[in-house]
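The analysis underlying the following values was restricted to heavy atoms, covering all of them including side chains, and did not include hydrogens, waters or symmetry mates.
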Amino acid sequence: MNNENFESKYFDCNRGCTTTTDEQSGEITVNYRQGCCKLQDYNVLAGILQPEFRDLFEVRFKNTRKGFYTNASGQNVKVGDLVIVEAITGYDLGIVTLEGPIVGRQMKSRGVSPDGEFKKIYRKARQGDIAKWQEAIAREQDTMVKARRIAAEMGLEMKIGDVEFQGDGSKAIFYYIADGRVDFRQLIKVFAEEFRIRIEMKQIGVRQEAGLIGGLGICGRELCCANYITNFQSITTSAARCQDLSLNPQKLAGQCGKLKCCLNYEVATYLDAQSRIPRVTEPLEFEDGQAYLMKTDILREVMYFSYDKSSMAKLYALDAEEVREIIKMNRNGIRPESLQDEPEPRAPEFVTAVGDDSITRFDNLERKKNKRRRKGNAGAGNDRPKQELKSEQKEEARRPEGENRGGNNAHNNRKQHRPKAPKAALKNEQ
């Protein structure tokens, strides 16, 4: 009989921990998992001691909810401990994620004064507290499904995105998404009667919802809102314009239906490059005519001009500094030499996405064509009857020695070069 203990392990990335349950004893062990949650912060001030932050800790709960608490338990609390903290009603259970001077930096970034009053850490969580907490967590999914059904039956234009239970199971936070204001006073009464708990409604946006659900972007990586973004900045179409992107809503929108957060990543780089590119409002004057601006490579700071305003067949590349000098010369009434003195017109490198969505783009079409050719040639030679081949060999043997005996092609060539005989002779031969 094998006495080995069987354990089931569950990764709770919403809270940044792993839950291990011993199937024989039923004991639950919860361990803090760094980097499992997007709210993970790196302690750059580890090992530095400051007395004013000795009893201040950052405690994390589900999703994007954090808080600063003071240790009033007298116990030695450290990062990774599960602690029982003060709540508005009852108590809550969270994980200590930061300690020391780095807590002061986090408070400063969020505008929290270190001299204010903070909620207390009562004690470290016991086994009974953890078991009660896990029971409350197990109710979250079913509660969210029922809450969505109730809201739909009441005809409210809202969507329940997530549910978070308090550590003691006496209260739940319902995160909802709505375009406008929603009167959910009657909904709260129905929820309280249905779930027998205290209700708190918290509105979030579609970007926060996408961060809660998670997923993969078109780049193949995890969504930025689900990975590390907590403060969402406003994104406008001007970010796409300055990067010379096509204003296609299907390409610019993310899974949340809003403009992609990554549009803001390279805006500063493009704005810096555009500051060194001159603005061309009229064609450049040369000795042999006018050159029109057709395209600008912003990052390379190269501008392409053509003598034909309606054609991009011959484009001449000029650096942004050269264009700036030519504009100054035109203002002074000076016309430079022709652009056609360049060695060869340089065409810009266009990248197109046409065909990327084709399901046959990875097929080897050339290989299929070769297979068809082989089958066709094999069938053409094998389908001919043997009697026909023998008769052709006999006919070829009866020909004079001067005639070409090279096969069907030679026979066809001989027919083409044969002199035409009179019709009467042809009738006698038949």
Using modelled atom types only, decide if a donor and an acceptor are shared between the side chain of [X] and the backbone of [Y] within a distance under 3.5 Å.
| X | Y | result |
| --- | --- | --- |
| Gln166 | Gly90 | no |
| Asp81 | Lys78 | yes |
| Gln106 | Ile102 | no |
| Asp142 | Lys146 | no |
| Asp168 | Ser170 | yes |
| Lys124 | Asn76 | yes |

*Phe165 and side chain to side chain contact (heavy atoms under 4.5 Å, CB included): which partner among Glu140, Lys171, Lys62?*
Glu140
_Could you check, using the six-membered ring where one of them is a Trp, whether Tyr122 and Tyr91 have ring centers closer than 6.0 angstrom?_
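Not under 6.0 Å, so no.
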*Centroid-centroid distance, Phe184 to Phe174, less than 6.0 Å*: no
How long is the span from the [atom1] atom in [X] to the [atom2] atom in [Y], to the nearest 0.5 Å?
| X | Y | atom1 | atom2 | result |
| --- | --- | --- | --- | --- |
| Phe286 | Arg335 | CZ | CZ | 11.0 Å |
| Arg126 | Leu93 | CZ | CG | 12.0 Å |
| Phe61 | Glu164 | CZ | CD | 8.0 Å |
| Asp162 | Ile160 | CG | CD1 | 10.0 Å |
| Lys251 | Ser246 | NZ | OG | 9.0 Å |
| Asp129 | Lys132 | CG | NZ | 8.0 Å |

When you compare the side chains of [X] and [Y], does any donor N or O come within less than 3.5 Å of an acceptor on the partner?
| X | Y | answer |
| --- | --- | --- |
| Tyr270 | Asp244 | no |
| Ser338 | Tyr316 | no |
| Ser310 | Asp308 | yes |

*Assess whether side-chain hydrogen bond (donor to acceptor under 3.5 Å, both in side chains) is satisfied between Glu86 and Tyr69, documenting all intermediate values.*
CA-CA 9 Å; Glu86 180 184 359; Tyr69 294 83; over 6 Å; no
*Would the number of heavy atoms belonging to other residues, nucleotides or ligands and lying under 6.0 Å from CZ of Arg276 be above 12?*
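Yes, the 6.0 Å shell around CZ holds more than 12 heavy atoms from other groups.
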_Check this for me: Glu52, atom CD, are more than 12 non-hydrogen atoms of other residues, nucleotides or ligands nearer than 6.0 Å?_
yes
*Under-4.0 Å salt bridge between Asp92 and Arg65*: yes
